[in-house]
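Fair warning: this is a prediction, and the values are worked out from it, not measured in the lab.
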Amino acid sequence: MRSDAVTKGMQQAPHRSLFHALGLTEEEMNRPLVGIVSSYNEIVPGHMNLDKIVEAVKLGVSMAGGTPIVFPAVAVCDGIAMGHTGMKYSLVTRDLIADSTESMAMAHQFDALVMVPNCDKNVPGLLMAAARVNIPTVFVSGGPMLAGRVKGEKRSLSSMFEAVGSYAAGTMTEEDVKEFENKVCPTCGSCSGMYTANSMNCLTEVLGMGLQGNGTIPAVYSERIRLAKKAGMQVMEMLKKDIRPRDIMTEQAFMNALTVDMALGCSTNSMLHLPAIAHEAGVELNVDIANEVSARTPNLCHLAPAGPTYMEDLNEAGGVYAVMNELSKKNLLNLDCITVTGRTVGENIAGCVNRDPKVIRPVEDPYSVTGGIAILKGNLAPDSGVVKRSAVAPEMLVHEGPARVFDCEEDAIDAIKGGRIVAGDVVVIRYEGPKGGPGMREMLNPTSAIAGMGLGSSVALITDGRFSGASRGASIGHVSPEAAVGGPIALVEEGDLIRINIPENRLDVDVSEEEMEKRRAAWKPREPKVTTGYLARYASMVTSGNRGAILEIPGQTK
């Protein structure tokens, strides 16, 4: 056992004295030491119930003969961080979480880990750490929030942000906004649509790193507590069989994740996180392959913000395994991948039927024959841009219009809410990428303002930043190379004609190469927005969005 390095032998007597100081008995020290990584805090609604999940995990580990020991991981609430400088600190926590968890696990020589995340960067950060440390590990999330109800209709956080835009447009009263404010987020849990947190919790299940229901069982259900106990017991089985994250997170498992991503219509942030997790697992996952996967994968789900269904509905319909079972009918998954259950994907999903074809479309009758995410390229995005195709209005799949150029999110919001953006425009928000932001802020406020102003089916938004999973419409993010390193998005001028063709995976600006070269020669790098602290260090090490915004030492080759 790894923990022998801190519990066995005369040389370890000082170590044991410190375990005695923790109140541990000799019997506990003679059992496997299992680290429980708790993301509990009192600022993130998706994390306020994690203390209950952690206690249940501890019980499961103890029942199966292990000694559970809890240590923390940080987490940011993207909703609370949205629209101000706090959003610069969201994506960057993914690496803080991975680094700190790796440090704790290695420093204390745990034999196994149970990860208890829930929201946004917290899930991929812990998956990255699991791949690095590579000891038996299982995930159990805190679960999704129930949908709110306003005037008899299910609603979620994206509805709340759009309500603010509707108020600015004069189509909603202050009293209406107040009702949304009090009702759209009715319980603890990760926000109730197929946003980033729920996307990554579902994809954790697909990768094989979480038990059935990890992504969909609502946070307030007692079933979630039972799942946590089972996770605690299962990690002990993994330890006995020596099943490790890199045995599970193989190239084939990541291809499964990309495939189910397309079927579910996940957040575009998955195109940042899956390559970053794969990188830590020793798998190079180029996002260019996403279009190939999309071309053969039907989109089966339209969960909010793409449609009127929510995570609770997906759970009742059979959850992630039911979606996987539908896809398996067309041989779209590798069913031989091993999972935390000790069984294969095929064994796990056998018999998991689709209980509601209105929530999970049958594979023979999908929403579309292609997947929910598209990678766009062209002279405006030579490396790539990403769009959630399943959340784009049909009339915006092909669009051209004049560029309305802004060098930060705040200026764009002022223009949108000030009525200066009109139907047909293409809003360009730049210098918000991984280096330029720094931190690659999410643009939920601008996309929600566009939707709330009634422009969601006539105005596009392009950025080298990224989008919340709650964004909808022709919102194209991760444009690479970013403006801060002189990418073409930095050279766009007010009024340039921009052409978007999502079915053909194209994103272009109608400017000659000669003119672009003139602009490129005249372009000068901007002074960094942040020169001290963690953000400055992050900006010096982060790669572009098309590579997952992973960190590299300056000068290090790919």
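- Put simply, the side chain of L157 reaches to within 4.5 Å of the side chain of C185, judged on heavy atoms.
- There is a side-chain donor-acceptor pair under 3.5 Å between S267 and T196.
- Scored by the side chain to side chain contact (heavy atoms under 4.5 Å, CB included) test, T543 finds R547, I550, E552 as partners (sequence neighbours excluded).
- Side-chain contact between F110 and V34: absent, with no pair of heavy atoms (C-beta onward) separated by less than 4.5 Å.
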List, one per line, each side-chain donor-acceptor pair under 3.5 Å for residues 48-77, sequence neighbours excluded.
unit_1: N49; atom_1: ND2; unit_2: G142; atom_2: O; d: 3.1
unit_1: S62; atom_1: OG; unit_2: K58; atom_2: O; d: 3.0
unit_1: T67; atom_1: OG1; unit_2: E28; atom_2: O; d: 2.7

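- Checked by atom type, the side-chain pair R155/S192 shows no donor-acceptor distance below 3.5 Å.
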Donor-acceptor contacts, no H, no angles, side chain residues 365-372, under 3.5 Å, sequence neighbours left out:
unit_1: S368; atom_1: OG; unit_2: T370; atom_2: O; d: 2.6

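- Residues N201 and N118 have side chains that bring a donor and an acceptor to within less than 3.5 angstrom of each other.
- Residues F19 and L33 meet the side-chain proximity criterion, which asks for heavy atoms closer than 4.5 Å.
- For the pair V359/H302, no side-chain contact is recorded, criterion being any heavy-atom separation below 4.5 Å from C-beta on.
- Between N256 and C337, some side-chain heavy-atom pair lies under the 4.5 Å cut-off.
- Of the charged side-chain nitrogens involved, at least one lies within less than 4.0 Å of a carboxylate oxygen, so that K154 and E312 count as a salt-bridged pair.
- Using modelled atom types, one finds a donor on one side chain and an acceptor on the other under 3.5 Å when comparing R224 with S141.
- Residues that satisfy the salt bridge (charged side-chain N to carboxylate O under 4.0 Å, His left out) test with R506, not counting sequence neighbours, are D508.
- Taking the side chain to side chain contact (heavy atoms under 4.5 Å, CB included) definition, one finds that E251 meets it with V283, sequence neighbours left out.
- With sequence neighbours excluded, the residues that form a side chain to side chain donor-acceptor pair (under 3.5 Å) with S90 are D78, K121, R466.
- Using a distance-only test at 3.5 Å, with no hydrogens or angles considered, no donor-acceptor pair links the side chain of N354 to the main chain of A322.
- In summary, the side chains of N214 and T204 do not present any donor paired with an acceptor at a separation below 3.5 Å, with no hydrogens or angles considered.
- Remark: the S544 side chain and the S480 side chain contain no N/O donor-acceptor pair separated by less than 3.5 Å.
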